Amino acid sequence: ATGELVSIAEKSVASAAAFPKAPCTMHHLAWLTKALESDGLQLQALPVAALAELVAKTAVQPELPPLSSLTAMRSAALRFGLGDSVGARECLARAAPIGLSMHEAQHYLNDVAVIEQQKALLAGKSVSLAVEEEPEAEGAPKNWALTHFEAREIWMQLAAECARPHFLQARAALEYLHHADRHNEAFDDEVNKASCSLVRARILLMQGRPSQAVDAVLQAQYLWRTKSECKNGSAGTGLEWAQSS
């Protein structure tokens, strides 16, 4: 009986046991926060963002500093929007430093370098691969299972936060995008590539380059229209089309 009580107690607090699918939980919390904020409900979004902060700090093991920074920035942005600059600064004080140096990015580059070498070798050959993937049936359901955190997606989201009017950290945003782009190319991640293009458009607009910003938006919309990975509802949503038009 005591063992059962301990098990129940572990699941009632923020821990790895309470959130066995932390990446999926974080994805939905981020979506809900964004949806509430876009409807002008910053106050209602605050507890959702606070929960995401708690999950990132206590349920993700080992802790990922970029993820903690991302959740803290989202909470801070909401508080800035509500006029609570003191609370916003307290949120930012809990986060790891913003920005991504080459030294930090190097920890994630081993797999990318191998994939790039393989692609370079294949590009130099004229023969096609003997094994091809079987095409998916038309209208087949897509697997959206999120089992782990992808560095390139966290970097894209951090870049998006850095580019917001509350922060205006263009240099840090470009650092994140630079490394995310390399990962996107290596892993053929068209969904994240489109998201990076939208963030880049926002930064170009901040820098006073509207024509290049439009090109970046058109690039994202082109990927949404033409790439099968972007047609399953996980990218190019109605809200994204409206915001980029």
Side-chain angles (χ1 to χ4, degrees), residues 23 27-28 30-31 33-35 37-38 70 100 105 108-109 111-113 115-120 122-124 128-129 132-146 149-165 167-245:
H27 170 79
H28 290 295
W31 180 87
T33 302
K34 186 185 298 185
E37 186 180 11
S38 66
L70 176 62
L100 185 65
Y108 304 91
L109 287 178
D111 293 341
V112 173
I115 293 172
E116 288 175 341
Q117 290 174 0
Q118 293 173 341
K119 286 188 173 183
L122 290 174
S128 59
L129 291 174
E132 296 182 356
E133 293 185 2
E134 188 173 335
E136 295 183 358
E138 185 70 26
K142 303 289 183 179
N143 183 12
W144 284 12
L146 297 171
F149 294 100
E150 294 289 358
R152 61 186 180 274
E153 294 178 5
I154 295 177
W155 291 341
M156 178 274 295
Q157 293 173 50
L158 275 167
E161 293 300 319
C162 288
R164 295 182 66 168
F167 305 114
L168 296 177
Q169 297 290 325
R171 178 171 179 173
L174 290 172
E175 288 175 359
Y176 287 122
L177 289 178
H178 170 75
H179 295 290
D181 285 340
R182 184 174 176 183
H183 282 240
N184 292 338
E185 290 296 333
F187 291 98
D188 296 320
D189 192 340
E190 306 295 345
V191 173
N192 204 53
K193 193 182 295 184
S195 298
C196 286
S197 290
L198 284 183
V199 178
R200 184 169 285 103
R202 199 182 308 166
I203 297 170
L204 289 167
L205 203 57
M206 286 166 50
Q207 295 175 331
R209 295 189 278 175
S211 60
Q212 290 171 279
V214 170
D215 289 340
V217 170
L218 292 176
Q219 173 65 18
Q221 293 180 344
Y222 171 79
L223 292 171
W224 292 338
R225 289 196 312 269
T226 60
K227 301 298 180 180
S228 58
E229 300 92 330
C230 299
K231 292 183 177 180
N232 61 4
S234 61
T237 61
L239 178 60
E240 288 177 317
W241 273 99
Q243 290 176 337
S244 63
S245 298

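Being a predicted model, the structure only gives us computed values, none of them experimental.
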K34 bridged to E37 by N-O distance under 4.0 Å: no
Residues which pass side chain to side chain contact (heavy atoms under 4.5 Å, CB included) with L168, listed by chain and number, not counting sequence neighbours: M206
Pair Q221-V217, side-chain contact (heavy atoms from CB on, under 4.5 Å): steps then yes or no: CA-CA 6 Å; Q221 293 180 344; V217 170; 3.8 Å; yes
side-chain hydrogen bond (donor to acceptor under 3.5 Å, both in side chains) against Q169, all qualifying residues, sequence neighbours excluded: none
Heavy-atom pair with the smallest gap, counting every atom of F187 and R152: CD1-NH1, 3.4 Å
Closest non-hydrogen atom pair, A35 against S38: O-OG, 2.7 Å
Distance in Å, L198 CG paired with W224 CH2, rounded so as to fall on 0.5 Å steps: 4.5 Å
Q219: side-chain hydrogen bond (donor to acceptor under 3.5 Å, both in side chains) partners, not counting sequence neighbours: none
Side chain to side chain contact (heavy atoms under 4.5 Å, CB included) against A173, all qualifying residues, sequence neighbours excluded: A159, C162, I203
Point-to-point distance, once rounded to the nearest 0.5 Å, from CG of N184 to CD of E190: 8.5 Å
Separation between NZ of K193 and CG of L223, rounded to the nearest 0.5 Å: 6.5 Å
Inter-residue atom distance S197.OG - M156.CE, 0.5 Å rounding: 11.0 Å
Partners passing side-chain hydrogen bond (donor to acceptor under 3.5 Å, both in side chains) against Q207 (at least two apart in sequence or in another chain): R209
For A30, side chain to side chain contact (heavy atoms under 4.5 Å, CB included) partners two or more places apart: R74
Verdict with reasoning, H183 to W155, per side-chain contact (heavy atoms from CB on, under 4.5 Å): CA-CA 10 Å; H183 282 240; W155 291 341; 3.5 Å; yes
Between CG on residue L204 and CG on residue L174, distance to nearest 0.5 Å: 8.0 Å
Nearest-0.5 Å distance, CG of residue N192 to CD of residue E185: 11.5 Å
Student check: side-chain heavy atoms of V191 and E153 closer than 4.5 Å: no
Sequence neighbours excluded - salt bridge (charged side-chain N to carboxylate O under 4.0 Å, His left out) pairs with any residue from residues 196-205: D181-R200
